[in-house]
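Fair warning: this is a prediction, and the values are worked out from it, not measured in the lab.
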Amino acid sequence: MVRQERAIRTRRAILNAAASVFDERGYEAATIGEVLTRAGVTKGALYFHFPSKQALAEGVLAEQFSGFTLAPRASKLQELVDMGLSLAYRMRRNPVGAIFGTWTITTWLDATEKVLREAREQGELLPHVDPAESAWVFSAAWTGVQVYSHTLAGREDLERRVSALFEHLLPSIAVPAVLGKLVTDPARAAEVAAEGERLAAEAGELGDLDEVAAPA
């Protein structure tokens with residue numbers, strides 16, 4: 001048990017150090033040596049948990065999304081907005097830096113396209129809209145907003161900038177009846193994040209109960 005707790009603390013220290021280094025340097029410029037120095041661990045300890053720099057970056061990103069659940073929305077376009085706003089909220093408070101490798105991009109693209117396809121099935125999109133093309137534009141634009149906000153304002157205005165992004169792009173894809181009901185206000189970011197953290201905590205508690213109740 002003591003060894004397991006030590007391993008958990010070591011992994012946490014590595015992830016925290018990597019997050020700060022990636023955030024300050026960017027993925028390409030960051031080095032494993034900097035992460036080791038900041039985490040105060042040996043190279044062997046780091047590679048035990050993360051066999052490569054890419055695996056470390058993916059671990060940091062996975063940590064960013066852990067402990068958070070977004071409840072499905074009746075409107076899938078509102079769900080898309082809530083995804084973007086809640087991620088902006090979490091990034092500003094627990095930054096992971098500009099880690100835009102293939103894994104990150106494809107994950108964000110796939111999630112966006114899935115929601116847009118569901119929106120099309122529900123009749124929320126204008127007839128000309130291609131979910132795959134729109135997912136590419138939305139995810140690329142969101143990334144650009146994050147980079148600009150990080151560079152120019154230390155992400156202090158990130159939720160507001162993401163809100164403005166949706167206000168500019170949504171009219172090009174949403175049918176008027178849906179567009180008029182979408183909530184893109186920056187203040188919604190905190191509300192959605194709080195809801196997601198609560199749902200994740202409840203799910204974790206249920207998981208713990210299942211483990212306790214499981215037969216030996």
For Arg12, all residues meeting salt bridge (charged side-chain N to carboxylate O under 4.0 Å, His left out), sequence neighbours excluded: Glu63
Gln122: side-chain hydrogen bond (donor to acceptor under 3.5 Å, both in side chains) partners, not counting sequence neighbours: Glu124
Tyr47: partners by side chain to side chain contact (heavy atoms under 4.5 Å, CB included), with sequence neighbours left out: Ile32, Lys43
Gln146 backbone acceptor or donor facing Ser149 side chain under 3.5 Å: no
Side-chain touch Arg11/Phe50, heavy atoms, less than 4.5 angstrom: yes
Shortest non-hydrogen separation from Ala29 to Glu34 and the atoms involved: O-OE1, 4.0 Å
Heavy-atom closest pair, residues Val60 and Leu15: N-CD2, 3.7 Å
Any residue meeting salt bridge (charged side-chain N to carboxylate O under 4.0 Å, His left out) with Lys53, in chain and number order, not counting sequence neighbours: none
Student check: side-chain heavy atoms of Phe166 and Leu80 closer than 4.5 Å: yes
Any residue meeting salt bridge (charged side-chain N to carboxylate O under 4.0 Å, His left out) with Arg38, in chain and number order, not counting sequence neighbours: Glu24
Residue list, side-chain hydrogen bond (donor to acceptor under 3.5 Å, both in side chains) with Thr37, at least two apart or on another chain: none
Side chain proximity check, Thr42 to Phe48, heavy atoms < 4.5 angstrom: no
NZ on Lys76 to CE on Met83, rounded to 0.5 Å: 10.5 Å
Heavy-atom check, side chain of Thr31 versus side chain of Val35, under 4.5 Å: no
Leu165 and Phe138, any side-chain heavy atoms less than 4.5 Å apart: no
Separation of Arg160 CZ from Asp185 CG (nearest 0.5 Å): 12.0 Å
Separation of Thr106 OG1 from Glu113 CD (nearest 0.5 Å): 12.0 Å
ILVMFWY cluster, Val183 and Val162 together (side-chain gap under 4.5 Å): no
Nearest non-hydrogen partners of Phe22 and Ala30, listed with the distance: CD2-CB, 3.5 Å
Within residues 161-180 or reaching into it, pairs that qualify as side chain to side chain donor-acceptor pair (under 3.5 Å) - sequence neighbours excluded: Asp157-Arg161, Glu167-Thr184
Any side-chain heavy-atom pair of Gln78 and Arg188 under 4.5 Å: yes
Closest non-hydrogen atom pair between Ala189 and Leu85, with its separation: CB-O, 3.5 Å
Heavy-atom check, side chain of Leu158 versus side chain of Met91, under 4.5 Å: yes
All side chain to side chain contact (heavy atoms under 4.5 Å, CB included) counterparts of Val129, not counting sequence neighbours: Leu125, Leu126, Ser134, Ile173
For Glu191, all residues meeting side-chain hydrogen bond (donor to acceptor under 3.5 Å, both in side chains), sequence neighbours excluded: none
Closest approach of Arg117 to Ala132 (non-hydrogen atoms, all atoms of both residues): NH2-CB, 4.2 Å
Steps toward side chain to side chain contact (heavy atoms under 4.5 Å, CB included) verdict (Leu87, Trp142): CA-CA 10 Å; Leu87 182 56; Trp142 193 101; 3.8 Å; yes
For Ala193 against Tyr89, the heavy-atom pair lying closest together: CB-CD2, 3.3 Å
Separation of Glu133 CD from Leu116 CG (nearest 0.5 Å): 11.5 Å
Qualifying residues under side chain to side chain contact (heavy atoms under 4.5 Å, CB included), relative to Ala13, sequence neighbours excluded: none
Side chain to side chain, Leu179 and Pro171, heavy atoms closer than 4.5 Å: yes
Salt bridge (charged side-chain N to carboxylate O under 4.0 Å, His left out) partners for Lys114, two or more places apart: Glu118
Test item: Glu79 side-chain N/O and Val115 main-chain N/O as donor-acceptor pair under 3.5 Å: no
Those residues that, when tested against Arg73, pass side-chain hydrogen bond (donor to acceptor under 3.5 Å, both in side chains) (two or more places apart): Asp82, Glu195
